[in-house]
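Only one structure is covered here, and it is reproduced in the block below.
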Amino acid sequence: MYAEVIVDISHEAIDKSFSYRIPKDMELHVGDPVLVPFGREKKRAYVIKMSDTSEYPEDKIRDIISPLKKEFSLENTLLDLAIWMSREYGCTLNQCLKTVLPVKKKIKKRGKTGELLLKRETAPVELNQEQKGVLQGIRNSFSKGGTSALLFGVTGSGKTEVYLQLMEDYIREGKEVIFLIPEISLSFQTRSRIEQRFPGMLSVLHSKMSQGERAESMEKCRLGEVKILMGPRSALFAPFSNLGLIIMDEEQDRSYKSETTPRYETREVARKRAEFSKAKVLYGTATPSVQIFSEVEKGALPCFRMENRAKSGSMLPKIHIVDLKKELEEGNRSIFSRALEKAVRERLEKGEQTMLFMNRRGYAPFVSCRKCGEALRCPHCDVSLNLHKNGILQCHYCGYQSILPKNCPHCGSKYLAAFGVGTEKLESICHAVFPKAKILRMDRDTTRKKGKYEEILQEFSEEKADILLGTQMIVKGHDFPNLTLVGILAADQIFLQSDFQAGEWAYQLLTQVSGRAGRGEKEGEVIIQSYQPDNATLKLAVRQDYIKFYEEEKRFRKRLSYPPFSKMLAIQCIYTEEAYLDLILEKLLPRFQGKTEEAGGEIYGPFPATVYKLKDNFRKIIYIKHDSHDIILQLRDSFIQDLKKVDKRNLILLQFDLL
Ligand SMILES: Nc1ncnc2c1ncn2[C@@H]1O[C@H](COP(=O)(O)OP(=O)(O)OP(=O)(O)O)[C@@H](O)[C@H]1O
Ligand SMILES: [Zn+2]
């Protein structure tokens, strides 16, 4: 027998594995630590794969010296987690270890830190009745052995206060807390609330950090210099050895789904991490994901609700829909409906703030020729190019850039024109329509530089600007008491996606955006502009009736047996030559289809991915559905085996997405 091992994982990025022979009487398992000869030294290594044969010449291969005891339980936990992830998400253990284990950097030795004492700078807010009720409920549920719970509270109901109290429970017991937040929304407000409550105990991760800074944050956890790690999904792998609690705020957020291999679902990995660390998980949200609410419905997850805003006098905002078709009929061609424009003016007069949401960045999402009708497209991807204000065309998928040509590259005419509105254009329009207003824009382009994101939010919260406009980034978790108007300029964009989860995402987004309005004492108003004011999801979002929305969504998904009412696996096959990709799939599919159907599953596709060509790669997707999670995983493995037989040179890249 042979083993593939990775060496000394805690010291550098793991990207290479080595082969060793397993001596006859040695019993080993994947994940076991072993001692191996390495150059002239002996090193600690981990078994990541075992096989009967080895590609290495017999005389060059060396023997494993001995198995080692798994001494330190943290390492154990993270290894177990990696092993589970590689099985669940269909990728190599190596890929999972890279995700799970922190890259360790040499860090200056610091003086030994004393016991971390809990000294508060600010007294906790007196909780209201609703908050007290849910806090007690969660505590009871956990102390009776419950391992996870959902805190379902409307926007502004004061979930953060509940989290803080619960964190305190665990920190007092000497345990550690992971506080997960969605990507990009490093809510500086929440961060400073935690810092004030638990001075010196918080470490943070965020996407703008360098490798070194991330490593440093993680290292503080390992050394016990902090008790709380706040960050996006990767914070889940904090090397805490006495983890007590994982809080996952905005549980429904899409950034919790990893877009790179392993494509894991943070919600599930959190549960596993908690299981291996004997910790608890609290999910929090104002709009539960359909997945999590189906668990509540089945009685598998206790749910604690808060239905009122926390601050006395604060109410959920009034929401209206404006019909853009009617605006057009009545001669208004502006991007602002009359109602929205009037509402903004009123806010400017009263010195209140406005937030304007536009789902696209850049100046205009399309440039096309008025003569031949062709749009300018990315040469590497199957999408149209976005025009930016500086006259640069940009692909938002691969980053390709070119200068806007004078003439149409298809017919040579000079009638190229930009269509649609992105945030840059919205900003120019706002300046023209409201010349006196102070305007801030927040999107990927204005927040590229480190610190910019916080700077914009800080400025807006200090009321140095009247209008904050931007993409998704502006909607998450922020609390501006003087913000009384939210305008959603093009709600239809939100519904355009073809995914079966599109309705859910739209509902969540609309609720989140709307939830920013009227969080102080002044009443809030939300205006949603749409060409399809009768859209069912839109109407449900306006009524803010989650249960009704959930019931509708459940009916639709049950009828078509979509998750969470069945398991679904998307298999994405990727290759640069379309013809070869098609050929392989043609060879492979009949047999695989047979297997799937025999196992009682359903198979669909292959379909081209939404963006079929991406960075010069063609992408086709096959979906399989089955009630059993395990059978789905078996079918996945058999797909991999079958593909190996036809794609002998191993050219096609596979990506699995377990839904
Ligand atoms: N018991 C309380 N008494 C007075 N004010 C409170 C109380 N609890 C919370 N607040 C205030 O209410 C506002 C909303 O609270 P918080 O940000 O925790 O809500 P949330 O539920 O996390 O909202 P969202 O889901 O929209 O992010 C904050 O300004 C907070 O300081
Ligand atoms: Zn591109």
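Numbering of residues begins at 1 and proceeds along the displayed sequence. Keep in mind that the numbers below use all heavy atoms, side chains included, and drop hydrogens, waters and symmetry copies. Counting starts at 1 for both ligands and their atoms, following the listed order.
Distances below 4.0 Å separate heavy atoms of Gly158 from the following atoms of ligand 1: 9 (C), 15 (O), 16 (P), 18 (O), 19 (O), 20 (P), 21 (O). Which parts of ligand 1 touch Arg516 is read off a 4.0 Å heavy-atom cut-off, strictly below it: atoms 26 (O). In summary, the atoms of ligand 1 found under 4.0 Å from a heavy atom of Leu127, numbered by their order in the structure, are 1 (N). The contact set between ligand 1 and Ala310, taken as ligand atoms under 4.0 Å from a residue heavy atom, comprises 6 (C), 7 (C), 8 (N), 9 (C), 10 (N), 12 (O). Listed by atom number, the atoms of ligand 1 under 4.0 Å from Asn128 heavy atoms are 1 (N). Listed by number with element, the atoms of ligand 1 under 4.0 Å from a non-hydrogen atom of Val125 are 1 (N), 2 (C), 3 (N), 7 (C).
Atom CZ of Arg271 is surrounded by more than 12 heavy atoms from other residues, nucleotides or ligands within 6.0 Å.
Residue Gly153 places every heavy atom at 4.0 Å or more from ligand 1. Ligand 1 has Gly156 within reach: a non-hydrogen atom of the residue lies less than 4.0 Å from it.
Between Phe549 and Tyr546, the angle of the ring planes lies from 30° to 60°, which puts this pair in the tilted group.
Listed for the Arg309 side chain is no donor-acceptor partner under 3.5 Å among the backbone atoms of Leu316. Judged purely by atom type and a 3.5 angstrom limit, Glu459 has no side-chain atom pairing as donor or acceptor with the backbone of Ala465. A distance-only check finds a donor-acceptor pair linking the side chain of Lys159 to the backbone of Gly153 [under 3.5 Å]. Between the side chain of Ser141 and the backbone N or O of Gly137, no donor-acceptor pair lies under 3.5 Å. Of the possible polar contacts, one joining the Asp466 side chain to the Lys438 backbone as a donor-acceptor pair under 3.5 Å is found.
Leu150 CG to Leu282 CG: the interatomic distance, rounded to the nearest 0.5 Å, is 7.5 Å. If you take CD on Glu454 and OG on Ser461, they are separated by 12.0 Å, rounding to the nearest 0.5 Å.
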### Task
For Ser289 and Glu251, run side chain to side chain donor-acceptor pair (under 3.5 Å): C-alpha distance rounded to whole Å, both residues' side-chain angles, the deciding distance at 0.1 Å, then the answer.
CA-CA 7 Å; Ser289 59; Glu251 156 282 320; 2.3 Å; yes

Side-chain polar contacts of residues 355-370 - donor-acceptor pairs under 3.5 angstrom, sequence neighbours left out - could you list them?
from   : atom 1 : to     : atom 2 : distance (Å)
Asn359 : OD1    : Gln472 : NE2    : 3.4
Arg361 : NH1    : Asp445 : OD1    : 3.0
Arg361 : NH1    : Asp445 : OD2    : 3.4

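Looking at Gln131 against ligand 1, only its side chain comes within 4.0 Å, counting heavy atoms.
Nearest-residue assignment for atom 29 (O) of ligand 1 (options Val475, Leu151, Thr511, Asp479; heavy-atom criterion): Asp479. When Arg193, Lys311, Lys159 are ranked by how near their heavy atoms come to atom 21 (O) of ligand 1, first place goes to Lys159.
For ligand 1, one of its N or O atoms has an N or O atom of Thr160 under 3.5 Å away. Polar contact with ligand 1: absent for Ala286 (N/O pair, distance under 3.5 Å).
Aromatic pair Tyr612/Phe618: centroids less than 6.0 angstrom apart.
Listed by chain and residue number, the protein N/O/S atoms under 2.8 Å of the Zn ion (ligand 2) are Cys378 SG, Cys381 SG, Cys395 SG, Cys398 SG, with waters left out.
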